[in-house]
Amino acid sequence: MILDLTRLFEEEGEELRFQQEMDLSGIELAGIHPVSGPVQVEGAARNEAGIVTVSYQVRYMLEIPCDRCLTPVRTAKKLKSEQVAVRELHGGQEDDFLLLPDGQFDLDEAVYADVVLELPTKTLCSEDCRGLCPVCGINRNRQSCGCRTETGNLRLQSLRELLQ
């Protein structure tokens, strides 16, 4: 959705409300599509004292497998974003403002970037997740397998065998 903010730049006190449902199922993270279901976007663009501010809230469901046991973890997410839009810059403040010389704000692109930046780097089903057995692959949270897993440095394995 492209928001036309040209009227807002010209008239102080104006407001443009918007609401949209997006499909971000195309986002891929290590072969997984973490955003499940529709993404709800709701917000407003306002000209207050000659400054145009675009603020919105995004709600979506995130479904990512646990990094230790691969159990799917489903979480409702909500994020808020606010950006100050300008038509031209006076000085070197490119990082502080969203430059819109034509007055067109691409809401889809902004929401996509916000969601991707909010994706977690590590996901656990619980803090005490025991993960998968490295020998047989069984989920240790559900049952015990009895496999013997040695700890220690594998580079010293031949020295360990020599000492026995």
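Everything numeric here is computed off the predicted structure, so don't read it as measured data. These values consider heavy atoms only, across backbone and side chains, with no hydrogens, waters or symmetry-generated copies.
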[X] versus [Y], closest heavy-atom pair with distance:
| X | Y | answer |
| --- | --- | --- |
| Pro34 | Leu119 | CG-CD2, 4.1 Å |
| Ala110 | Phe105 | CB-CZ, 3.7 Å |
| Leu70 | Leu132 | CD1-CD1, 3.9 Å |
| Pro65 | Thr123 | O-CB, 4.1 Å |
| Glu63 | Ile32 | O-CG2, 4.4 Å |
| Cys129 | Asn141 | SG-ND2, 3.2 Å |

Taking the side chain as everything from C-beta on, heavy atoms only, tell me whether [X] gets closer than 4.5 Å to [Y].
| X | Y | value |
| --- | --- | --- |
| Cys69 | Arg140 | no |
| Gln19 | Tyr56 | no |
| Asp23 | Val39 | no |
| Arg68 | Leu124 | yes |
| Val52 | Val86 | no |
| His33 | Ser25 | no |
| Ile138 | Cys147 | no |
| Arg142 | Thr71 | yes |

Tell me whether [X] shares a hydrophobic cluster with [Y], the cluster being built from Ile, Leu, Val, Met, Phe, Trp, Tyr side chains joined at under 4.5 Å.
| X | Y | answer |
| --- | --- | --- |
| Val73 | Ile27 | no |
| Val116 | Tyr60 | yes |
| Val35 | Leu79 | yes |
| Met61 | Val58 | no |
| Val54 | Phe9 | yes |

Q: Just jot down the side chain to side chain donor-acceptor pair (under 3.5 Å) partners of Gln104, sequence neighbours excluded, or say none.
A: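 Listed in chain order: Asp4.
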Q. Who are the side chain to side chain donor-acceptor pair (under 3.5 Å) partners of Arg7, not counting sequence neighbours?
A.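 Applying side chain to side chain donor-acceptor pair (under 3.5 Å) to Arg7 gives Glu14.
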(Q) Check Arg17 with Glu15, please: is the shortest side-chain N to carboxylate O separation under 4.0 Å? (A)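 Arg17 and Glu15: salt-bridged.
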Q) Do Leu163 and Glu161 pass the side-chain contact (heavy atoms from CB on, under 4.5 Å) test, and can you show the C-alpha distance, the side-chain angles, and the key distance before you say yes or no? A) CA-CA 5 Å; Leu163 291 174; Glu161 290 170 1; over 6 Å; no
Q.
Please evaluate residues Thr6 and Asp102 with respect to the criterion side-chain contact (heavy atoms from CB on, under 4.5 Å), reporting the C-alpha separation (whole Å), side-chain torsions for both, the decisive distance (0.1 Å), and the verdict.
A. CA-CA 7 Å; Thr6 52; Asp102 60 353; over 6 Å; no
To the nearest 0.5 angstrom, please state how far the [atom1] atom of [X] sits from the [atom2] atom of [Y].
| X | Y | atom1 | atom2 | answer |
| --- | --- | --- | --- | --- |
| Glu48 | Leu8 | CD | CG | 10.5 Å |
| Cys145 | Asn139 | SG | CG | 10.5 Å |
| Asp67 | Cys125 | CG | SG | 10.0 Å |
| Thr53 | Asn47 | OG1 | CG | 8.5 Å |
| Ile64 | Thr75 | CD1 | OG1 | 7.5 Å |
| Arg46 | Glu12 | CZ | CD | 14.5 Å |

Q) Quick one: do the Gln40 and Glu21 side chains pair a donor with an acceptor below 3.5 Å? A)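 On atom types as modelled, these side chains qualify, holding a pair under 3.5 Å.
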Q. Do Ser81 and Asp114 have side-chain N/O donor and acceptor atoms under 3.5 Å apart?
A.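 A donor-acceptor contact under 3.5 Å links the two side chains.
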Q) Is a donor on one side and an acceptor on the other found under 3.5 Å between the side chain of Asp106 and the backbone of Ile2? A)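 Answer holds: no.
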